[in-house]
Amino acid sequence: MDIELTAEQEAARGQFRDFVERRLMPYADEYDRQEEMPAGLIGEVAELGYLGGLVPEQYGGVGMDSITWGLLCEEIGRGSASLLSLFTVQGMVIQSILKWGNEDQRQDWLPRLATGEIIGGFALTEPNVGSNASSVETRATLIDGHWRLHGQKRWISFGQVSNLFVVFAQSEGKSVALLVERDCQGFSTKPITGMLGFRSAMLADIFLDGCKVPQAHLLGRAGFGFSHVGGAALDQGRYSIAWGCLGLAQGALDASLAYSGQRRQFGKPLKEHQLIQELLADMITQIQAARMLCYRAASLKQRGEPSLIMETSIAKYFASRMAAKVSADAVQIHGANGCSDQYPVQRYLRDAKIMEIIEGSNQMQQIIIAKHGYQEHAVKQQRLAQSKDDGGEA
Amino acid sequence: MNFEEIAVKSHEFVSQYLNGAEVGREVDLFATGMVNSLFAMQLVLFVEREFGFAVDNEDLDYDNFRSINAIADFAGRKLGLGATA
Ligand SMILES: Cc1cc2nc3c(=O)[nH]c(=O)nc-3n(C[C@H](O)[C@H](O)[C@H](O)COP(=O)(O)OP(=O)(O)OC[C@H]3O[C@@H](n4cnc5c(N)ncnc54)[C@H](O)[C@@H]3O)c2cc1C
């Protein structure tokens with residue numbers, strides 16, 4: 001597999017890195033303490049064309065390829081997992097409309113998602129429904145050319161500020177995905193604070209109290225909301241999260257390399273203690289392994305291969321586990337300093353735990369990966385039997 | 001590509017998800033319980049990549065994906081192959 005970056009991708013990565021070093025790394029801990037993402041920063045990433053990077057040029061975006069978007073998510077994830085979650089949901093909303101919207105919907109929404117005039121939100125989870133996401137309880141009823149929505153959504157990233165949500169509901173037993181604007185009648189949100197991680201992701205509860213949405217805001221068709229619109233969005237979400245985990249872990253490693261060179265114990269820097277080197281060696285190796293999986297997913301995504309769905313799931317699963325381990329080891333290397341909010345590694349650790357839960361928890365990924373393993377095994381057995389039969393006949 | 005070739009390729013693709021069980025071309029895939037969001041997305045990508053057209057909003061119809069023959073019919077129509085099976 002060719003994983004060499006093109007000159008354009010290299011250049012883009014350089015710009016992303018520079019932005020993250022200057023505009024994000026120095027402030028991310030403060031945003032985390034304040035549990036807020038400044039509107040100015042969101043405006044800046046939108047202005048740079050980063051936030052809406054997945055919107056194709058024909059709809060006013062820059063049309064980033066899969067690798068460039070991955071590199072962007074990696075860099076943003078290195079700076080702040082909370083900001084990465086904004087990129088994740090914006091990408092999911094863009095993907096939902098791009099893939100399953102009709103031309104009017106694409107023309108209407110994508111240019112504004114590209115410029116950041118619209119901040120997207122993805123509203124699937126509910127108080128009673130998490131992993132079992134196809135069984136949402138929110139109801140949608142079509143009355144006189146409008147959908148009426150009744151229900152509640154929970155843990156919605158950037159739900160405090162997003163102005164367009166993809167909301168999943170049931171309509172007469174059929175799953176529907178609807179575009180819901182913040183200012184529609186019967187829509188309200190309540191901020192959620194005090195989370196373990198993603199503290200500046202501005203989470204909210206969403207209340208849909210007879211919320212009135214034009215009929216034309218249906219994405220895809222009734223019956224295909226969760227399977228197709230949700231499926232496309234969640235695949236995109238897992239892809240962004242996998243790359244973001246890579247960045248998070250890289251950030252934790254960079255901090256550990258720097259710290260272990262400065263901090264002295266027993267008359268020498270920590271980095272000269274072999275048990276510390278062991279931790280660092282494992283961090284480096286695990287990060288490289290995750291990077292390969294991310295590049296593999298990127299390459300399949302670029303080519304639109306059906307296997308990209310499974311490989312993205314594998315990349316998300318591995319990268320989030322890796323990020324949890326690497327960030328925990330980073331805290332270990334930092335000792336008490338690592339437990340203090342004066343150092344970023346505690347934030348990395350808290351955010352990494354969240355990565356193992358969102359976009360399909362790691363148990364959900366394990367279930368589908370194992371199932372896939374059995375399917376592949378059966379195909380191999382069948383082919384083997386077939387070739388024996390063919391050989392026998394010959 | 002003709003209908004038969006499309007049906008053979010579709011059969012091969014769908015069979016990968018059945019743990020070795022045989023599936024007839026007219027079998028209702030939804031009734032087998034194999035259709036979840038993962039399979040649905042993989043099927044869309046397969047059809048797009050293998051037969052070279054985009055599955056759109058208006059193609060989201062169970063009748064286009066109900067069975068292997070239905071998938072082949074749908075792909076045939078999109079490719080302008082005219083009346084098939
Ligand atoms: C910071 C943050 C941001 C989020 N942002 C969004 C958002 O923007 N939009 C949105 O819709 N949702 C969002 N979520 C919700 C997230 O998608 C859910 O938390 C996730 O899907 C898991 O659901 P749950 O928390 O209800 O856990 P549950 O489904 O209740 O699961 C609890 C535990 O049981 C395990 N489990 C469940 N079923 C099984 C099983 N069959 N076998 C084995 N183990 C199982 C799970 O893996 C998990 O460990 C966010 C969550 C967080 C924490």
Side-chain angles (χ1 to χ4, degrees), chain A residues 96-106 133-134 174-175 177 218-236 300-301 303-313 360 364-365 367-369 371-386, chain B residues 6-25 27-68 70-72 74-75 77-79:
Chain A
S96 303
I97 298 174
L98 194 58
K99 180 63 205 161
W100 296 120
N102 56 37
E103 194 50 33
D104 286 347
Q105 290 168 334
R106 290 187 201 127
S134 60
K174 290 181 173 173
S175 171
L218 174 71
L219 275 175
R221 295 174 86 172
F224 294 86
F226 179 69
S227 61
H228 288 68
V229 183
L234 287 164
D235 172 63
Q236 180 60 47
L300 295 168
K301 198 171 178 61
R303 285 181 280 139
E305 294 278 354
S307 59
L308 82 88
I309 307 273
M310 268 321 299
E311 298 298 326
T312 302
S313 162
M364 294 302 110
Q365 309 306 327
I367 289 169
I368 60 174
I369 293 166
K371 188 173 171 193
H372 171 70
Y374 283 113
Q375 285 167 346
E376 283 215 315
H377 178 70
V379 171
K380 271 187 209 145
Q381 294 298 103
Q382 233 170 4
R383 289 209 179 120
L384 207 62
Q386 184 78 45
Chain B
I6 297 176
V8 167
K9 287 210 153 128
S10 303
H11 182 256
E12 206 174 289
F13 178 80
V14 170
S15 298
Q16 288 177 61
Y17 299 91
L18 291 167
N19 285 331
E22 188 39 52
V23 60
R25 284 192 190 175
V27 167
D28 185 335
L29 300 177
F30 294 98
T32 64
M34 71 178 291
V35 181
N36 55 19
S37 63
L38 204 69
F39 175 75
M41 283 308 299
Q42 286 166 328
L43 180 58
V44 167
L45 286 164
F46 160 75
V47 166
E48 292 186 335
R49 178 141 176 83
E50 195 65 46
F51 308 128
F53 61 85
V55 178
D56 284 330
N57 181 288
E58 63 264 28
D59 301 323
L60 289 179
D61 186 332
Y62 288 116
D63 288 342
N64 288 338
F65 300 102
R66 191 170 295 286
S67 66
I68 289 162
I71 296 167
F74 161 60
R77 274 196 315 278
K78 289 289 269 192
L79 294 172

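Scope of the values below: all heavy atoms of this structure, side chains included, with no hydrogens, waters or symmetry mates. Model, not experiment: these values are computed from the prediction. Proteins get letters first, then strands, A, B, ... in listed order; numbering begins at 1 in each.
A salt bridge links A/E103 with A/R106: at least one charged nitrogen is closer than 4.0 Å to a carboxylate oxygen. Here B/E48 does not pair with B/K78 in a salt bridge; the nearest charged N to carboxylate O distance is not below 4.0 Å.
Comparing A/G231, A/P306, A/G304 by heavy-atom pairs within less than 4.5 Å of chain B, the highest count is held by A/P306. Between chain A and the residues B/D56, B/L18, B/N57, B/V44, the largest count of heavy-atom pairs under 4.5 Å involves B/N57. Of the listed residues (A/H228, A/Q105, A/Q382), the greatest number of heavy-atom pairs within a distance under 4.5 Å of chain B belongs to A/H228. Considering only heavy-atom pairs separated by less than 4.5 Å from chain B, the leading option among A/S307, A/S134, A/A385, A/G220 is A/G220. When each of B/M41, B/E50, B/Q16 is scored by its heavy-atom pairs under 4.5 Å with chain A, the top score falls to B/M41.
Taking the six-membered ring wherever Trp is involved, the centroid distance between the rings of A/F224 and B/F65 does not fall below 6.0 Å.
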Exercise. Check the pair A/Q236 / A/K301 against side chain to side chain donor-acceptor pair (under 3.5 Å), numbers first and verdict last.
Key: CA-CA 10 Å; A/Q236 180 60 47; A/K301 198 171 178 61; 3.2 Å; yes
Practice problem: For B/F30 and B/F39, run ring-ring contact (aromatic ring centres under 6.0 Å, His included): C-alpha distance rounded to whole Å, both residues' side-chain angles, the deciding distance at 0.1 Å, then the answer. | Solution: CA-CA 11 Å; B/F30 294 98; B/F39 175 75; 8.6 Å; no
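At a 4.5 Å heavy-atom cutoff, A/Q381 makes no contact with chain B through either its backbone or its side chain. Heavy atoms closer than 4.5 Å to chain A are found in both the backbone and the side chain of B/Y62. Residue A/L234: no heavy atom, backbone or side chain, is found under 4.5 Å from chain B. In this structure, chain A has no heavy atom under 4.5 Å from any part of B/V47.
Of the possible donor and acceptor atoms, one in the side chain of B/H11 sits under 3.5 Å from a partner among the backbone N and O of B/V23. In this structure, the side chain of B/N19 does not engage the main chain of A/A378 through any donor-acceptor pair within 3.5 Å.
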